[in-house]
Amino acid sequence: MKECDDVAAACGTALAEMAKALKAFSFYPASHPLRDKIIQGAFQCVERFLKDGGISLVVQRNGFRIAGLETALPTSPLISGLAQELFARELQRLSLSSELTYQEFAAFIAMLALEPDKIGAAGGLGRMVKSQGITSLVVNEIDISAVFTKRNAAAAEGAAEAAAQSGAEPEPEDQWCLPSSLKEERERELSLAEVMARLSVEADDAGYRELARKLVALAQPLKQQHNFDELFPVFVAMAEQNRDTARSAVQRDCALVVLQQLVLGEATEHLLDHLENEEFAQKERIALILSRLGTDVVDPVIKRLLVARTRSATMSLAAALSRIGAPAVPALCKLLHDDRWQTVFTAAAVLGEIGQRDAVKGLAVTVFHHNERVRGESIRALAKIGGMEATGVLLELLRNGDESVGLQVITWLGNTRNHSAVDPLLQLVKKRDLLHKTAPLKKAALAALGRIGDSSAIEPLVKLVNKRHWFLAGRWEELQVAAVEAIGTLGGKMARNYLEEISRRGGRIGKASSAALASMVERKATTDG
């Protein structure tokens, strides 16, 4: 029986690959490289399976059975979907010979991709196979003696052994009948709106695939007529269904394939026209569509960005690239080398919004750009990306850059609440500086520590407040006041206890502590309210 089990497992793998081939043929256009690649791969899998002889499969409503073999075939959504597709096309039995060629296999996949009513009008799959001169593949015929070679002996032996062990008579072949619901479905053509409505609630993967094919067929004439505005609701619905994590992976993948077929090309340019139109009210939906298409639409959006004539168009295109996310990063990194500072500025801004660490290397160069705005935007982008590498670049700038650059770095480390910067900022604050030349940087660092919100900074800040300096005491007191304000911003029980203690001292530091306590109470009341 082990040999029978191996046959069943290999058959399941071959059927799953056939299902992928049928899906690829149905959704990818004839010129698409993936279509031939997937079909060729499926044939190679089937060919390996058939090397020991032919096979005859009984098609059931949701699966397959090898004729004469009781060992169950593996089940999966792909295999069940393929069975349903064949079942809907009135295919009862499929027999494959070891002499099957790629041309015959591809021709059969093309036949299966036809709508059931077209197959019926042509006299059924059996007649179509014969009319194509295909001899190594037999459809709906019980006499399969010409198909089996070595494998039928193993199947018969397995069936006999199973029957002997159970003492039961072999079961008759499953009786095949066309579901009444499918018959009723063929009596009329669904409209585009009806298909869309059914897709939105379809839970069955096989049913979703069939409806998706119908949707493409109904939408193609509108696409050829460049009636993209009428198709816009279809684009949005497919993008939303592709994004919907409650749907199965099969359905989300189908929705994406439909979106690719209908949107890529001229429809993309039409959507980008709307995106650049300042008065168009549904830009968010276009951004959603583009985000689902990902890599396929990055180049068209980038080309528009490079020639955008208005600030509004630039912002809309940049926002779309941000929504696309990681697939747009390589193209945006190339723009960091552009001669126009405006382009580099926009690319840096978008990379900061996306937040991918792959952009750090390029931004580490543009922080030294000749344009001040580009430098500032690159610093902001690195701070938003965060992580060890980006933070390292910023801290190096802080150590070796001028004061203006240092202030920008500190500000954005605080604004992005970068916890990796807490220790370096504390080190900056504690760094010995008798003449207080770095006082602006230290004050900025104290404010940033408050915004970061890491309570581990409280004790070092309290020590700073308690430390006395006689030389230029007024300037030192300014730093102590900034430290008290940072402690108040950090908040929490520990900060409150320290501030209550410091407030009893009186003087400028005591008043600052009392003010910080009052701010803490006010923030808590606002939060609770």
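Atom-to-atom distance recorded for I410:CD1 and L395:CG is 10.0 Å, nearest 0.5 angstrom. Atom CZ of R309 is separated from atom OG1 of T314 by 12.0 Å, given to the nearest 0.5 angstrom. Atom CZ of R243 is separated from atom CZ of R252 by 10.0 Å, given to the nearest 0.5 angstrom. Note that CG of L293 is 9.5 Å distant from CZ of F235, once rounded to the nearest 0.5 Å. Distance NZ/K430 to NZ/K463: 7.5 Å, rounded to 0.5 Å.
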Original post:
Between R475 and E478, is a salt bridge (charged side-chain N to carboxylate O under 4.0 Å, His left out) present by the stated rule, with each step listed?
Top reply: CA-CA 5 Å; R475 293 187 181 181; E478 290 178 3; over 6 Å; no

Subject >> Verdict with supporting geometry, N418 and T416, side-chain hydrogen bond (donor to acceptor under 3.5 Å, both in side chains) >> reply: CA-CA 5 Å; N418 190 324; T416 55; 4.9 Å; no

**OP:** Starting from the C-alpha separation in whole Å, work towards a yes-or-no answer on side-chain hydrogen bond (donor to acceptor under 3.5 Å, both in side chains) for N227 and E230.
**Re:** CA-CA 6 Å; N227 198 345; E230 188 170 342; 2.8 Å; yes

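Sorted by first and then second residue, the pairs that involve residues 265-279 and meet side-chain hydrogen bond (donor to acceptor under 3.5 Å, both in side chains), not counting sequence neighbours, are H226-E266, D229-H270, D229-H274, E269-R304, H270-H274, D273-R304, E276-R304. For residues 333-347, every residue pair satisfying the salt bridge (charged side-chain N to carboxylate O under 4.0 Å, His left out) rule, not counting sequence neighbours, is listed here: D338-R340. Sorted by first then second residue, the side-chain hydrogen bond (donor to acceptor under 3.5 Å, both in side chains) pairs that include residues 504-517, not counting sequence neighbours, are N466-R505. Within the structure, the salt bridge (charged side-chain N to carboxylate O under 4.0 Å, His left out) test picks out the following pairs touching residues 18-31 (sequence neighbours left out): E17-K20, K23-D253. For residues 281-302, every residue pair satisfying the side-chain hydrogen bond (donor to acceptor under 3.5 Å, both in side chains) rule, not counting sequence neighbours, is listed here: N242-R292, Q260-D296, Q282-R285, K283-S316, E284-R323. The ring pair (Phe, Tyr, Trp, His ring centres under 6.0 Å) pairs that include a residue from residues 301-345 number zero, where partners must be two or more places apart or lie in different chains.
Remark: S76 pairs with L78, I79 by the side-chain contact (heavy atoms from CB on, under 4.5 Å) rule, at least two apart or across chains. Taking the side-chain contact (heavy atoms from CB on, under 4.5 Å) definition, one finds that V365 meets it with nothing, sequence neighbours left out. With sequence neighbours excluded, the residues forming a side-chain contact (heavy atoms from CB on, under 4.5 Å) with L335 are I302, L305, L306, L332, T343, A347, listed by chain and number. Taking K442 as the reference, nothing meets the side-chain hydrogen bond (donor to acceptor under 3.5 Å, both in side chains) condition, with sequence neighbours excluded. For R496, the side-chain contact (heavy atoms from CB on, under 4.5 Å) partners two or more places apart in sequence, or in a different chain, are K493, E500, L517, M520.
Side-chain polar atoms of D423 and Q427 form no donor-acceptor pair below 3.5 angstrom.
Between the side chain of Q251 and the main chain of A203, a donor-acceptor pair closer than 3.5 Å is present. At distances below 3.5 Å, not a single donor-acceptor pair connects side-chain atoms of E353 with backbone N or O atoms of V350. Counting only distance, with no hydrogens or angles, the side chain of R375 and the backbone of H369 share a donor-acceptor pair below 3.5 Å. The backbone N or O of A313 sits less than 3.5 Å from a side-chain atom of T310, completing a donor-acceptor pair.
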Would you tabulate the side-chain donor-acceptor contacts of residues 451-462 under 3.5 Å, counting partners in other chains and residues two or more places apart, or write 'none'?
| unit_1 | atom_1 | unit_2 | atom_2 | d |
| --- | --- | --- | --- | --- |
| R451 | NE | N415 | OD1 | 3.1 |
| R451 | NH2 | T411 | O | 3.3 |
| D454 | OD1 | S456 | N | 3.0 |
| D454 | OD1 | S456 | OG | 2.7 |
| D454 | OD2 | H419 | ND1 | 3.3 |

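Salt bridge annotation for R213-E210: absent, with no cationic side-chain nitrogen under 4.0 angstrom from a carboxylate oxygen.
Test T391, L363, L394 against I385 for side chain to side chain contact (heavy atoms under 4.5 Å, CB included) and you get one pass: L363.
For the pair D358 and C333, the minimum side-chain heavy-atom distance is 4.5 Å or more. With a 4.5 Å cut-off on side-chain heavy atoms, V258 and Q241 do not count as touching.
Among all heavy-atom pairs drawn from L215 and L192, the shortest one is CD1-CD1, 3.2 Å.
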